[in-house]
There are 2 protein chains.
Amino acid sequence: METAIYPPEFDSDTPLQNVLTWRIHQVHNRLNVHAAKFLEKTSGIALAHWRVMLCIGADGNTTHSEIRRKIAMDKGQLSRCLKGMVDEGLVVTQEDAADQRQQRLSLTKKGRRIFDKTLPEMRKRQSYLIGRLSKSESRMIFSALDKLEVAAQNHEFL
Amino acid sequence: METAIYPPEFDSDTPLQNVLTWRIHQVHNRLNVHAAKFLEKTSGIALAHWRVMLCIGADGNTTHSEIRRKIAMDKGQLSRCLKGMVDEGLVVTQEDAADQRQQRLSLTKKGRRIFDKTLPEMRKRQSYLIGRLSKSESRMIFSALDKLEVAAQNHEFL
DNA sequence: ACATTTTAGTTGACCTATCAACTAAACTAT
DNA sequence: ATAGTTTAGTTGATAGGTCAACTAAAATGT
C-alpha cells in the first residue's frame, strides 16, 4: 500500500488541519504568543525587541541594514523599533566615521544585562520546544522549512 | 557519533537560521506573501477572505462561532472580515430562526463561483509546496507542528 | 568635477491584528 | 417568572505591520 496520509489535499471532507500552510500559520501564532508571554515573564521585553537584540548581539556594533539582512524586517518598522529601544535605554547609536549615512548600534549596559539574562532563558525554551520532537522530526522540520522557503520564493509557481 | 546538527542551540556563533521558532516565523511570512500574490492572481481575493470562505465552504450555512472554532480567529476581526465579504457580495447572512443571536452564513452565487475557481488552484499550490518535500519531510513536518502547537499551549514551560 | 544612481535611514499614511467594552438573546437555577 | 450567567456578535481603542515618499550621504560613470 503506497498511499500515505500526506500529501493532504484539502476539500470539504479534509479539515483545514491538513493544509500545510494553514498549520504553519496556526502554530506560528501560538508560538509567538508563547514567546511573548515567556519574554514578558523573564525580562519584560517585547518579542520584536528581543529579535533585534539578538541581531545586535552582545558584541554590538551593527547597523540597520545588517540587521535587516539578518531578519528581513521592514526598514520603517526597524527604525521605529530601534527608536523605542533607544528610548528604553537598551541601545545606543553612534555615528560611523567612515560612512555618515549609517549608525553603529550597540547594547547599553542595561541592554547587555537584559540580553545576558534573556539568552539562556530563550535557549532553554528552544531546547524545551525541540525536546518535544523526535530526532527525525527535528531534523526534518528544518529541512522542510528550508525547502518551503525556497518554494515560496521561486516564481515557478506564481 | 551521536551528535546531530539539531537540536540547535543558538548563540553568537549559531546564526538565527537555526532557531526553530525564528525559521517558522520567516517561512510563514514568505508563504503568506506567496499565498497572497497567488490569490491576487487567480481570483483577486484577500487571503483572510479565502480562509473564511474555506470555512464557510461550498455548502455554507455556518455561523461566526463555528468559523472561529475552526480557524481560531479573533471575533472582532472575523466580524469585520465578514462585513467586508458581504459588502463585496461574496457572502450573505440570514437570521437563524431558532437562535436570534446568531446568523447563518453562506456564499452568494458570486462567492460560490470564486470559491469553485479558487479551490482547485489552491489545491495545486498545496500540492506544489508539498511536492518539494521528501516523503519523510512532509510526514514529519505535520507531526512536528502538532507537537509544537501543544508545547506552545501547555503551560509547563511558562 | 559633476550628474546620476544607489544606499541608509526617517517619516507619514494606511491597513490589519488584538484586546476589551458593550448589547442582546438564550440558557440556568431557584 | 425572574435574576444571574453564558453565548453571539459588534464596535472602539490601540499596537504593530506594510508601503511609499522623502532627505542625505556615498558610490559610479563620463
Side-chain angles (χ1 to χ4, degrees), chain A residues 22 25-26 28-37 39-40 44-52 55-56 61-88 91-106, chain B residues 22 25-26 28-37 39-40 45-52 55-56 61-88 91-106 152:
Chain A
W22 177 257
H25 176 77
Q26 283 188 307
H28 172 249
N29 281 348
R30 301 208 154 119
L31 285 171
N32 260 192
V33 170
H34 185 261
K37 278 192 203 151
L39 275 172
E40 177 55 38
I45 72 168
L47 182 52
H49 286 191
W50 170 245
R51 282 175 176 159
V52 169
C55 288
I56 299 179
N61 205 37
T62 331
T63 64
H64 281 227
S65 345
E66 268 183 74
I67 296 177
R68 290 207 312 120
R69 231 180 316 103
K70 285 184 192 168
I71 69 179
M73 192 176 184
D74 177 76
K75 57 180 175 172
Q77 194 184 353
L78 179 59
S79 173
R80 280 181 251 253
C81 180
L82 281 166
K83 198 163 68 180
M85 294 175 82
V86 170
D87 289 350
E88 289 180 33
V91 169
V92 270
T93 64
Q94 40 187 144
E95 63 173 25
D96 185 316
D99 186 339
Q100 303 241 124
R101 288 171 305 181
Q102 63 187 13
Q103 355 175 294
R104 313 301 315 180
L105 302 164
S106 332
Chain B
W22 177 257
H25 176 75
Q26 284 188 308
H28 171 248
N29 283 347
R30 303 212 151 115
L31 286 171
N32 261 191
V33 170
H34 185 263
K37 280 192 202 149
L39 275 172
E40 177 56 38
I45 71 167
L47 182 53
H49 286 192
W50 169 245
R51 282 174 175 161
V52 169
C55 287
I56 299 180
N61 204 35
T62 331
T63 64
H64 282 227
S65 344
E66 267 182 75
I67 296 177
R68 291 208 309 120
R69 231 180 314 104
K70 285 186 191 166
I71 69 180
M73 191 176 184
D74 177 76
K75 56 180 175 174
Q77 195 184 350
L78 179 59
S79 171
R80 282 181 252 252
C81 180
L82 280 166
K83 197 163 68 180
M85 295 175 81
V86 169
D87 289 349
E88 287 180 35
V91 170
V92 271
T93 64
Q94 41 187 145
E95 60 172 29
D96 186 315
D99 186 340
Q100 302 241 124
R101 287 171 308 178
Q102 63 188 15
Q103 349 173 301
R104 313 302 314 181
L105 302 164
S106 332

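No hydrogens, no waters, no symmetry mates; every other heavy atom, side chains included, goes into these values. Chain letters run A, B, ... following the sequence lines, proteins first, then strands; residues in each count from 1.
Residues in residues 91-101 of chain A take part in these side chain to side chain donor-acceptor pair (under 3.5 Å) pairs, two or more places apart or across chains: Asp96(A)-Gln102(A), Asp96(A)-Arg104(A), Asp99(A)-Arg101(A).
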Going through the distances and angles, do Leu105(B) and Ile67(B) end up as a side-chain contact (heavy atoms from CB on, under 4.5 Å)? CA-CA 10 Å; Leu105(B) 302 164; Ile67(B) 296 177; 3.8 Å; yes
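Between Arg101(B) and His64(A), the residue anchored nearer the 5' end of DNA chain C, judged by the nucleotide with its closest heavy atom, is His64(A). Toward the 5′ end of DNA chain D lies the nearest nucleotide of Ala46(A), the other residue of the pair Ala46(A) and Gln100(A) mapping further downstream. Between Asp74(A) and Ala97(B), the residue anchored nearer the 5' end of DNA chain C, judged by the nucleotide with its closest heavy atom, is Asp74(A).
Gln26(A) is linked by a side chain to side chain donor-acceptor pair (under 3.5 Å) to Trp22(A), Arg23(A), counting only residues two or more places apart in sequence or in another chain. Residues satisfying the ring-ring contact (aromatic ring centres under 6.0 Å, His included) criterion with His64(B), sequence neighbours excluded, are absent altogether. With sequence neighbours excluded, the residues forming a salt bridge (charged side-chain N to carboxylate O under 4.0 Å, His left out) with Arg30(A) are Glu149(B), listed by chain and number.
We find that CD of Gln103(B) is positioned 19 Å from P of dT7(D), with the value rounded to whole Å. In this structure, Ile67(B) places its CD1 atom 19 Å from P of dT7(D), rounding to the nearest Å. We find that NZ of Lys75(B) is positioned 8 Å from C1' of dT7(D), with the value rounded to whole Å. Whole-Å rounding puts the Arg68(A) CZ to dT18(D) C1' distance at 13 Å. One interatomic measurement links the two molecules: CG of Asn32(A) to P of dG16(D), which rounds to 13 Å at whole-angstrom precision.
Close to dT11(D), at under 4.0 Å from its OP1 or OP2, lies a side-chain N or O of Lys83(B).
For the atom pair CZ of Arg69(B) and OG1 of Thr62(B), the computed distance is 10.5 Å after rounding to the nearest 0.5 Å.
Arg80(B) contributes a side-chain N or O that forms a donor-acceptor pair with the base of dG12(D) under 3.5 Å.
Contacts of Ala98(B) with the nucleic acid, taken as non-hydrogen atoms under 4.0 Å apart, involve only primed sugar atoms and P, OP1 or OP2. Residue contacts shown for Gln77(B) include a base, since a base heavy atom lies under 4.0 Å away. Residue contacts shown for Asp99(A) are limited to sugar-phosphate atoms, with no base heavy atom under 4.0 Å away.
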Report, one line per pair, each donor and acceptor closer than 3.5 Å where one atom sits in a side chain of residues 70-85 of chain A; sequence neighbours left out.
{"unit_1": "Lys70(A)", "atom_1": "NZ", "unit_2": "Cys55(A)", "atom_2": "O", "d": "3.1"}
{"unit_1": "Asp74(A)", "atom_1": "OD2", "unit_2": "Gly76(A)", "atom_2": "N", "d": "3.0"}
{"unit_1": "Asp74(A)", "atom_1": "OD2", "unit_2": "Gln77(A)", "atom_2": "N", "d": "3.0"}

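Mapping heavy-atom proximity under 4.0 Å, the span of DNA chain C touched by chain A runs 5' to 3' from dT7(C) to dA13(C).
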